[in-house]
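Accompanying notes for the structure given below.
Predicted model, so just to flag it, every value in this text is computed and none were measured.
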Amino acid sequence: DPGDSILAAEVAAVRRLVARLDARYTRVSLVTFAGRLLDAGILDPDQAVTELALTTTYEDLQRALDRVLARGAEGATNMAAGVDQATRELLGLRGAFSKTDPRSQRIAVFLTDGVPTLPFPNDEARNTKAVEKAAARARLAGIRVFPYGIGAEALAGPLALVDLAHATDA
């Protein structure tokens with residue numbers, strides 16, 4: 001049942017969080033991260049995608065969440081790419097769709113249903129190290145990342161999530 005999936009729970013959690021925010025003071029963005037191997041073991045270049053640039057129009061976020069839910073889960077988990085893309089958006093770096101506000105606090109709420117399985121297929125230690133490095137880059141940029149693991153797989157191996165929170169003082 002697509003309405004009773006981990007992705008649906010993640011979307012519902014975001015909706016509940018945003019319902020408590022005030023658009024006068026809080027901009028939101030949506031970055032998704034997944035990954036898959038293409039032919040010959042080459043990584044798909046779209047490991048993390050900005051679904052919505054920073055905005056105070058929460059209705060746009062709701063529509064973006066609807067699109068993500070309709071599309072469904074896409075496969076592997078590239079947490080490092082997700083952290084890096086969120087950092088890019090929050091800082092308004094080259095390639096970002098968002099404009100930064102230097103006065104703002106930069107916070108990323110990071111939801112995942114798994115452990116990092118990419119960018120190094122079948123190498124959990126290297127994938128966890130990649131998350132740690134992405135977290136260090138986020139911390140240097142003044143970004144706090146609050147990770148949440150949802151589902152049995154995420155809770156069975158939470159090391160990357162714990163490291164992510166610890167590295168960014170979340």
Members other than [X] in its cluster, when Ile, Leu, Val, Met, Phe, Trp, Tyr link by side-chain heavy atoms under 4.5 Å?
| X | result |
| --- | --- |
| V31 | none |
| V115 | none |
| V49 | none |

So do L21 and V28 actually touch side chain to side chain, heavy atoms under 4.5 Å?
yes
Between [atom1] of [X] and [atom2] of [Y], what distance do you get to the nearest 0.5 Å?
| X | Y | atom1 | atom2 | answer |
| --- | --- | --- | --- | --- |
| I143 | R106 | CD1 | CZ | 7.0 Å |
| D101 | L90 | CG | CG | 11.5 Å |
| L93 | S98 | CG | OG | 10.5 Å |
| I6 | L111 | CD1 | CG | 11.5 Å |

Taking all atoms of both residues into account, what is the closest heavy-atom pair of [X] and [Y], and its distance?
| X | Y | result |
| --- | --- | --- |
| A130 | P119 | CB-CD, 4.1 Å |
| T50 | Q85 | OG1-NE2, 2.7 Å |
| A76 | L118 | CB-CD1, 3.5 Å |

Polar side-chain atom of [X] near backbone of [Y] as donor-acceptor pair, under 3.5 Å:
| X | Y | answer |
| --- | --- | --- |
| N78 | Q47 | no |
| T77 | M79 | no |
| T55 | T57 | yes |

Just distance, no hydrogens or angles: give the donor-acceptor pairs under 3.5 Å from side chains in residues 152-170, sequence neighbours left out.
unit_1: T168; atom_1: OG1; unit_2: V145; atom_2: N; d: 3.0
unit_1: T168; atom_1: OG1; unit_2: V145; atom_2: O; d: 3.3
unit_1: T168; atom_1: OG1; unit_2: L164; atom_2: O; d: 3.0
unit_1: D169; atom_1: OD2; unit_2: R139; atom_2: NH2; d: 3.2

Here the ring pair (Phe, Tyr, Trp, His ring centres under 6.0 Å) pairs for residues 123-164, sequence neighbours left out, are none
Sequence neighbours excluded, every pair satisfying ring pair (Phe, Tyr, Trp, His ring centres under 6.0 Å) that has a member inside residues 72-118:
F33-F110
Do [X] and [Y] land in one hydrophobic cluster if side-chain heavy atoms of ILVMFWY residues count as linked below 4.5 Å?
| X | Y | answer |
| --- | --- | --- |
| L52 | V11 | yes |
| I107 | L54 | no |
| L30 | Y58 | yes |

With sequence neighbours left out, which residue pairs that include part of residues 113-125 fulfil the side chain to side chain donor-acceptor pair (under 3.5 Å) condition?
none
Kindly state each residue pair satisfying side chain to side chain donor-acceptor pair (under 3.5 Å) with at least one member in residues 17-31, sequence neighbours excluded.
D22-R24
Taking only distance into account, with no hydrogens and no angle test, what donor-acceptor pairs under 3.5 Å do side-chain atoms of residues 63-73 form with protein atoms, sequence neighbours excluded?
unit_1: R63; atom_1: NH2; unit_2: D60; atom_2: OD1; d: 2.3
unit_1: D66; atom_1: OD1; unit_2: R15; atom_2: NH2; d: 2.6
unit_1: R71; atom_1: NE; unit_2: E74; atom_2: OE2; d: 2.6
unit_1: R71; atom_1: NH1; unit_2: E51; atom_2: OE2; d: 3.4
unit_1: R71; atom_1: NH2; unit_2: E51; atom_2: OE2; d: 2.8

Do any pairs count as a salt bridge (charged side-chain N to carboxylate O under 4.0 Å, His left out) and have a residue in residues 81-98, sequence neighbours left out, and if so which ones?
D84-R137
Qualifying residues under salt bridge (charged side-chain N to carboxylate O under 4.0 Å, His left out), relative to E132, sequence neighbours excluded:
K129
Report the residues that fulfil salt bridge (charged side-chain N to carboxylate O under 4.0 Å, His left out) with R144, sequence neighbours left out, ordered by chain and then residue number.
none
